[in-house]
Colleague: 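There's a structure below that I have some questions on.
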Amino acid sequence: MKYFFIIFLLIPPFLYSQINISTSGNEIKNFPIVSNSGEASIFYDSSENILIKKSAEFLAEDIERVTGRKPGVSEAQKTTDSNMIILATVGNNRLVKELIDQGRINVDPLKDQWERFIIQTIKDPFPGVKNALVIIGSDRRGVAFGVFSLSEKMGVSPWYYWADVPPEKSEFLSLKPLEYVSDAPSVKYRGIFLNDESPALRNWAKEKFGGFNHKFYEKVYELLLRKKANFLWPAMWLPTVFAEDDPSNPKVADEYGIVISTSHHEPMMRAHDEWGRYGGGAWNYETNKEKLQEFWKGGVKRIKDYESVVTVGMRGDGDEAMSEGAAVDLLQEIISDQREIIADVMGKPAEETPQVWAIYKEVQEYYDKGMRVDDDIIILFSDDNWGNVRILPKKEDSTYEGGFGMYYHFDYVGAPVSYRWQNVTQIERVWEQMQLTYEWGVDELWIANVGDIKPMELPISLFLDMAWDVDSTNADNLPEYYVDWAAQQFGSKHAADIAEILSLYTKYNARRTPEMLTPETYSIKNYREADKILSEFRKLTAKSEALLTELPENYKAAYQQLVHAPLEMSANVNEMYIAAAKNKFYAELGATVANRYADTVKKLFEKDADLTRQFHEEIADGKWNHMMSQTHLGYTNWNHPPANKMPSISYIQERDTATPGYNLEYGTEPSWHGFSVEGDGLYSESFSAFDPVNDQKYYIEIFNRGNKELPYEINTKDEWINLSSNKGLIQYYEKVYVSIDWENVPKGTSRGEIEILSKGQSYTVEVPITTDLPKVSGFVENNGVIAIEAENFSHNREGENVSWKVIPNLGRTGSSILVNPMDAERQEPNGKTAMVEYKFTTFEDANLNIETYVSPTQNYQKNEGLKFAIAIDDEEPQIININENEIKPDWEYADWWTQSVADHIKKSISEHKDIKAGIHTLKVWAMDPGIVIQKFVIDAGGLKPSYLGPPESSYVD
Ligand code: REL
């Protein structure tokens, strides 16, 4: 047990900075929750909704979690305790009424409000009572949210159960004098969809609770309340039926104040699998209307007494499109009939029961064609299943009464390749897309597909925190979000380091999902790309391992599941595919090391299974068994493989001798890598040019084609050539680095020579250099290419209406820039709009192609596309439409879409003719919000294939 005499230093923006807890035992001004004189007691009125009682019990348990002492909970209306915590909804508690009558509390801000609350401390509230702490809700969830806000501040993480986060223990707790009135939530309905739940969540729930029953769901409901959410699409994969598998599920949901609804293809509160059980025949409204109506009536009847949002509309059976030709007229008829059923069963006009129409996949075509529904129905838009919102309301729709929603994904089963194993979502992209969504007026319903919940804890947190209070995060404080979140789970001491690990491992995973990785993803040959990926993952894993050792024992289970295991598993898969790539690469060269890489692949494949086993058996003593059982290796189409499959490897026959071969990192490709020149040494190869500004350090890789040690020597007569080694004995391969001593080079353009000697053979490699360079400034060309991270502008000019804003860490390599504010009208590329400039230098007159790497934002405005403008120096700005040629309606299967979601970027190409050697300025004008630029690659003829593009060029001031 620790004693603290400090107020919590960490006040995450998503907690309420006014609510301050002290853990000192002698804060007399404060409300003593647990003090020397005992525990405060919790009271509520017996006439209140059951959620108030539950909230009281949760509060008592949370206090016990922290202090080890549990306050009494009572529904009596006595005023004998010296320190009372009173939970109430407005108008339902006699004691609160007294306080209102005495003018001690003002509940006016809560009248007719949705989910707001007051937390207030009162001295001497009643005769004989020293202190009261009142938590009053405008409604039942308002009370629960008030309670859980307090719990969070006391040190109970919303993830205490779902991620074994230990509450920060202290003997005493008191609340500083407070009069806190919460704002209304930014979004009315906020929740998650448990989806794609087999095998992981289903088998876990079965083992721990006996299935998706109310015992399981209570944990989900509690998590939602702790995250101040209120809405759920329950698990629905066959053979799951929420309302039937355990008839208590909907009832208990209502007791927790959780609003139940059903997913986009499950109308009228019926789960997908129910139709089969019901035996109603064809899922076809044209031929089987009556049966369907009867079925739907049953669905609505079942939830008559519970708070629900009824999904209306109809898709084909099981997430399929309806048959061709069905479409708009029929759908209008269906929805109108469904509303009649709703009105009839509920015994009140249809508009008095909340309903939602999901504009998902093909349904958006009907919406695009102009299909509309009664204006009390929430219109739920969606992303493209890959975190890019497909459509947002038009400005003229802002008065639409039913309001708009957004269905977003952190997990998806479908094209091009499902992602359902690790967290591959950068919270920065979630923030950017959901902020855009909010600013375009979508604030009635936000729901995220979270797969199995684990390991999506971080994006779920951000999503729900934003939905509760959209102003709590912004472009500037996103880095702090990581730190605050880490502090909430692991305490403040290591929060900054853990934040870095979280932000980087999700960035690395978001480059390409583990499921889509192949040996071909990262380039072995160019830009040392694959090795860079390895070293980034290794560095992060080493850092995480060190932290794991250092963390106090009680944080370890949480740390493993929230940070270390996901990182280690992802790193291992990346290592495995890169080892497979090297196996292939070296096998083609006949290099013996190919066989070692083949062994490595096997080892890493086995390690994957072992890491899964550790997650299941070792973390928290096996609490999360099954949770990582999703297959993830060896996808051959969109659907997961039946078993994890190792990437192909091959072995070569090793020569029983020592035989040399070599490779140049950057230059000509040695024919047969020395193989055909055995003994004659005729061929001469050449590096690409070295120059003093880039000061390149390229390697010669000498490799062995046999299994005996290979001696080599490497020399040069040119004193200005530095070699990292002059001789050695090679088992597999060795990299000899070549650099230039620029103080001593001949002026102008010249060539030096390196000679490689091995086993009586010699090979000559030329080393061209040039000092004949134009004056340089900014990013400098290196062998025909210049790469610039978008955040590194030399100048950022504000526009009259918009600006370019940096979003730290967003994107595959550095940070991104976006157009702010996000609901701005289109700007023209002139002196009035925002413009960023980048200085760069080219070495030769050339036609340049610029690849602008943009996040794959969809044309959410449904106009001709999102635009920005680009020019070099005084060129006329070229307008680039990032959505050009994105032909509807085949978006889901179109190549442009597949490529963009697989790569997590799109490349927009612009051509710039006759650019003279020298210093230039790249200018980029803001036009449409939604444009997110990650990087520019300027190709002066030297661009080589790679996944992430060349690393950023050297910069000269
Ligand atoms: O991500 C989605 O929304 C869909 O894949 C799912 O909703 C769908 O229901 C799937 O689980 C299968 O039916």
Side-chain angles (χ1 to χ4, degrees), residues 191-203 205 212 220 231-243 245 260-277 283 299 309 311-322 356-365 367 378-391 405-421 423-425 430 433 437 445-453 456 459-460 463 513 515 630-631 635 637-640 858 891-893 897-898 901:
I192 60 175
F193 178 20
L194 305 183
N195 195 219
D196 313 335
E197 60 271 16
S198 291
L201 188 65
R202 175 183 308 281
N203 289 333
F212 289 134
V220 179
F231 189 86
L232 179 73
W233 282 355
M236 45 64 60
W237 267 25
L238 311 188
T240 299
V241 175
F242 176 74
D245 295 342
I260 298 294
S261 180
T262 45
S263 77
H264 49 83
H265 62 102
E266 303 176 294
M268 303 291 273
M269 305 306 293
R270 286 290 204 176
H272 169 44
D273 194 40
E274 280 190 83
W275 182 242
R277 295 188 192 186
W283 180 262
V309 174
T311 300
V312 294
M314 186 175 181
R315 300 189 56 226
D317 202 8
D319 197 17
E320 297 290 328
M322 272 204 297
V356 60
W357 179 40
I359 310 294
Y360 185 68
K361 288 196 178 172
E362 78 290 347
V363 181
Q364 191 180 308
E365 282 160 45
Y367 186 84
I378 303 169
I379 293 182
L380 179 68
F381 293 134
S382 67
D383 67 359
D384 61 356
N385 299 314
W386 285 75
N388 312 301
V389 304
R390 289 183 72 199
I391 180 174
M406 180 54 67
Y407 170 37
Y408 200 80
H409 286 74
F410 302 141
D411 169 296
Y412 178 58
V413 173
V417 167
S418 306
Y419 58 101
R420 24 187 329 200
W421 181 51
N423 174 15
V424 296
T425 300
V430 180
Q433 285 289 284
T437 296
L445 165 59
W446 284 16
I447 177 157
N449 188 323
V450 300
D452 306 306
I453 297 182
M456 310 305 173
I460 293 174
F463 185 85
T513 63
E515 291 89 339
Q630 177 58 56
T631 54
Y635 273 76
N637 58 37
W638 67 266
N639 211 354
H640 63 275
Q858 296 255 343
W891 65 273
E892 200 190 355
Y893 305 103
W897 178 80
T898 301
V901 298

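All ligand and atom numbering here is 1-based and tracks the order in the structure. Any value given below was found using the heavy atoms of this structure, including those in side chains, with hydrogens, waters and symmetry copies removed.
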Colleague: Which parts of the protein, at residue level, reach under 4.0 Å of ligand 1 through a heavy atom?
Modeller: F193, N195, D196, M236, W237, H264, H265, D319, Y360, Y407, H409, Y412, V413, N449
Colleague: With no hydrogens and no angle check, just 3.5 Å: does a side-chain donor-acceptor pair link W275 and D317?
Modeller: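 Side chains of W275 and D317: no pair found under 3.5 Å.
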Colleague: According to side chain to side chain contact (heavy atoms under 4.5 Å, CB included), who are the partners of V413, at least two apart in sequence or on a separate chain?
Modeller: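 Here the qualifying residues are D196, W237, S418, R420, W638.
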Colleague: Determine the minimum heavy-atom distance between G313 and W357, stating which atoms define it.
Modeller: CA-CD1, 4.3 Å
Colleague: Taking only residues two or more places apart in sequence, or in another chain, which ones meet N203 in a side chain to side chain contact (heavy atoms under 4.5 Å, CB included)?
Modeller: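 Per chain and number, N203 pairs via side chain to side chain contact (heavy atoms under 4.5 Å, CB included) with P199, H626.
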Colleague: Hey, which of I453, T425, N423 is the one that makes side-chain contact (heavy atoms from CB on, under 4.5 Å) with I460?
Modeller: I453
Colleague: The criterion is side-chain hydrogen bond (donor to acceptor under 3.5 Å, both in side chains); which residues satisfy it with Y407, sequence neighbours excluded?
Modeller: H409, N449
